[in-house]
Colleague: 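What follows is a single structure, and I will ask about it in a moment.
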Amino acid sequence: MSINIPRGTQDILPGEVELWQRIEKKARELCEKYQYQEIRTPIFEHTDLFSRGVGDTTDIVQKEMYTFEDRGGRSITLRPEGTASTVRAFVEKKMFGLPGQPVKLYYMGPMFRYERPQSGRFRQFVQFGVEALGSNDPAIDAEVISLAMNLYKEMGLSKLKLIINSLGDKESRNTHREALINHFKPRIGEFCSDCQNRLEKNPLRILDCKQDRDHELMKTAPSIIDYLNEESKAYFGKVQQYLTHLNIEFEVDPNLVRGLDYYNHTAFEIMSNAEGFGAITTLCGGGRYNGLVEEIGGPETPGIGFALSIERFIAALKAEGIEMEINQGIDCYLAALGEEAKDYTVGLLQQLRLAGFSAERDYLNRKIKAQFKAADRLQARYVAVLGDDELKNNKINVKNMETGEQVEVELDSLVNYFQGLKA
Ligand code: HAM
């Protein structure tokens, strides 16, 4: 019996992986420009990190984590997201004491959530995310948002919608929390058991419930926007002002609460409104999390960031019909005729590669015609043909595959010849 790939995961094969690499490269380049540095944290962490960080009333922690006991009896969880791990490292490695503040980090790697797989929703997916720790300046909120928007735009996406909201500071959230409890309490019996548990613990999560999403009380629930205190309103106003200044269009959506517990002040999502993108339209989500560093045991430190998955990024590119030329071709294919010539190409191939050229030879003992076919498949710009006779005369025949032109080159100066072509 054959063994299949686990549900909700995928193999990314040659031919597809180039687009992934292109996006990853663009993300790294942009981070360099925006001055975010890469951090690599473990794929698994102590489960407590996520219960505390992401929040134990969230769907992620309650239903979606890959948690297991290791052989030492510790509860371990495959990371469902990158913010908690980044903040853990920030605290543990005392990055708050570094001279360069704020600390601006990015990460790229697989995350794991036991969700119901569907288009755009995987159980293993790759997130690219950034986190800026240590600044309370609303300009950095705008910077983080603009980084995500620019990454999408530079890859050619145009059908994007940015929605933002403010979840306010602690005081605003507390007054809103009371209002939510009063709103839901009389009829909480009509809600799912999760929501019933959430009522006192974290009523904001009720607004994010997938099961009770159509209940009429959801539509009339008090909106956080009406509970923002003056300070929170002013902060939100500044973020909007900066976004406008950066020519980034946005919509304020007071219902945007996000699915993780650590947020306050700015929350945002970027959606694709390309036709045919599918039911899940969120490409990217993020926001401010001013209490999280303390929650994980560090000093009071503000933070903001976002994460996006490469899977949804690629789906959005497809939905907008954006195709990229990914096959670059190779510089040279070494075709050989005869045993000695074949032996010789082993070293010659190495010389070309070490000199910086992409080069390939035959490994299937093909006839010369089939070697040319292989060269075509690889989109070789040149094919250098070596026969036993040429080898004796220290010659090699180089064919330009675009023009058909052929030249005879001294065998031991083949590398120089190619260097000359590049110059
Ligand atoms: P999140 O909204 O849970 O936020 O996830 C962010 C993004 O990850 C989503 O917008 C989506 O692109 C992608 N994503 C999430 N789940 C899946 C899935 N099952 N399959 C494919 N893609 C998925 C966070 O993770 C926060 N840590 C973001 C953040 C960073 N906030 C502040 N800093």
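For ligands, and for the atoms within them, numbers begin at 1 and follow the listed sequence.
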Colleague: With a cut-off of under 6.0 Å to the ring centre and 45° to the axis, is R88 in cation-pi contact with F90?
Modeller: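 No cation-pi geometry.
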Colleague: For atom 30 (C) of ligand 1, which protein heavy atom lies nearest, and how many Å away is it?
Modeller: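 Residue, atom and distance for the closest contact: T83 OG1, 3.0 Å.
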Colleague: Could you check atom 18 (C) of ligand 1 against the protein and tell me its nearest heavy-atom contact, residue, atom and distance included?
Modeller: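 Scanning the protein heavy atoms, the shortest distance from atom 18 (C) of ligand 1 goes to F125 CD2, 3.4 Å.
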Colleague: How far is atom 21 (C) of ligand 1 from the closest protein heavy atom, and which atom is that?
Modeller: G120 O, 3.3 Å
Colleague: Just go through Q127, E269, E81 and tell me whose heavy atom is the nearest to atom 5 (O) of ligand 1.
Modeller: Q127
Colleague: Could you state the interatomic distance from CZ (R258) to OH (Y263), rounded to the nearest 0.5 Å?
Modeller: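 So the CZ of R258 and the OH of Y263 are separated by 4.0 Å.
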Colleague: Residue-level breakdown please: for S309 versus ligand 1, do any non-hydrogen atoms fall below 4.0 Å on the side chain, on the backbone, on both, or on neither?
Modeller: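 Contact part for S309 vs ligand 1: both backbone and side chain.
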Colleague: Can an N or O of R121 be found at a distance shorter than 3.5 Å from an N or O of ligand 1?
Modeller: no
Colleague: List the closest protein heavy-atom neighbour of atom 32 (C) of ligand 1: residue, atom name, distance to the nearest 0.1 Å.
Modeller: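 Answer for atom 32 (C) of ligand 1: G305 O, 3.2 Å.
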Colleague: Would one find an N or O of Y289, backbone or side chain, under 3.5 Å from an N or O of ligand 1?
Modeller: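 Such a contact does not occur with ligand 1.
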Colleague: For the atom pair OG1 (T281) and CD (E269), what is the distance rounded to the nearest 0.5 Å?
Modeller: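 Between atom OG1 of T281 and atom CD of E269 there are 8.0 Å.
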Colleague: Near E131, which atoms of ligand 1 are under 4.0 Å from a heavy atom of that residue?
Modeller: 30 (C), 32 (C), 33 (N)
Colleague: Would you call the rings of Y382 and F418 parallel, tilted or perpendicular, where under 30° means parallel and over 60° means perpendicular?
Modeller: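 Taking F418 first and then Y382, their aromatic rings stand perpendicular (interplane angle over 60°).
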Colleague: Within the supplied structure, the quantity of interest is the number of heavy atoms (other residues, nucleotides, ligands) at a distance under 6.0 Å from K367 NZ; does it exceed 12?
Modeller: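 Not buried by this count: 12 neighbours or fewer within 6.0 Å.
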Colleague: Identify the residue among E131, R40, E38 that makes a side chain to side chain donor-acceptor pair (under 3.5 Å) with Y107.
Modeller: E131
Colleague: Show me which atoms of ligand 1 lie under 4.0 Å from any heavy atom of C284.
Modeller: 10 (O)
Colleague: N/O of Y263 under 3.5 Å from N/O of ligand 1, yes or no?
Modeller: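 Right, the criterion is met.
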Colleague: Who gets closest to atom 2 (O) of ligand 1 by heavy atom: R258, R116, Q124?
Modeller: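 Closest candidate by heavy-atom distance is R258.
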Colleague: Could you list which atoms of ligand 1 come closer than 4.0 Å to a heavy atom of G285?
Modeller: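 So the atoms of ligand 1 that pass are 10 (O), 28 (C), 29 (C).
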Colleague: Does E115 pair with R7 as a salt bridge, N-O distance under 4.0 Å?
Modeller: no
Colleague: Give yes if a backbone or side-chain nitrogen or oxygen of L308 is under 3.5 Å from a nitrogen or oxygen of ligand 1, and no if not.
Modeller: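 Min N/O separation from ligand 1 is not below 3.5 Å for L308.
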Colleague: To check your reading of the model: name the closest protein heavy atom to atom 9 (C) of ligand 1, its residue, and the distance in Å.
Modeller: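 Of the protein heavy atoms, R312 NH1, 4.0 Å lies nearest.
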Colleague: Kindly confirm or rule out a cation-pi arrangement of R79 over F112, judged by NZ or CZ under 6.0 Å from the six-membered ring centre and within 45° of its axis?
Modeller: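 The answer is no; the distance or angle limit is not met.
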Colleague: Counting non-hydrogen protein atoms only, what is the nearest one to atom 20 (N) of ligand 1? Give residue, atom name and distance.
Modeller: F122 N, 3.0 Å
Colleague: Output the list of atoms in ligand 1 that are nearer than 4.0 Å to some heavy atom of G286, sorted by atom number.
Modeller: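 Going through ligand 1 atom by atom, the ones under 4.0 Å from G286 are 31 (N).
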Colleague: Any donor-acceptor pair under 3.5 Å linking the side-chain atoms of S85 with those of E45?
Modeller: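 Yes, S85 and E45 have a side-chain donor paired with an acceptor closer than 3.5 Å.
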Colleague: Is the count of non-hydrogen atoms from other residues, nucleotides or ligands lying under 6.0 Å from Q379 atom CD greater than 12?
Modeller: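 Yes, enclosed.
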Colleague: Is it true that R52 and E295 make a salt bridge, defined as a side-chain N closer than 4.0 Å to a carboxylate O?
Modeller: no
Colleague: Does ligand 1 have an atom under 4.0 Å from some heavy atom of G129?
Modeller: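 Outside the 4.0 Å threshold, so no.
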Colleague: Which residue holds the protein heavy atom closest to atom 7 (C) of ligand 1, what is that atom called, and what is the gap in Å?
Modeller: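 So the nearest neighbour among protein heavy atoms is A307 O, 3.4 Å.
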Colleague: Below a 4.0 angstrom heavy-atom separation, can you tell me which part of M111, side chain or backbone, both or neither, approaches ligand 1?
Modeller: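 It is neither; nothing of M111 touches ligand 1.
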Colleague: Would you say ligand 1 has an N or O under 3.5 Å from any N or O of L283?
Modeller: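 By distance alone, the answer is yes.
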Colleague: Under the criterion salt bridge (Lys or Arg N to Asp or Glu O under 4.0 Å), which of R198, R113, R205 is the partner of D59?
Modeller: R198
Colleague: Is it the case that the side chain of Q196 and the backbone of F191 share a donor-acceptor pair, with hydrogens and angles ignored and the cut-off at 3.5 Å?
Modeller: yes
Colleague: Would D169 and Y235 count as having a side-chain donor-acceptor pair, cut-off 3.5 Å?
Modeller: no
Colleague: Can you find an N or O of Y107 that's nearer than 3.5 Å to an N or O of ligand 1?
Modeller: no
Colleague: Between Y262 and ligand 1, which residue portion shows a heavy-atom distance shorter than 4.0 Å: side chain, backbone, both, or neither?
Modeller: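 The answer is the side chain.
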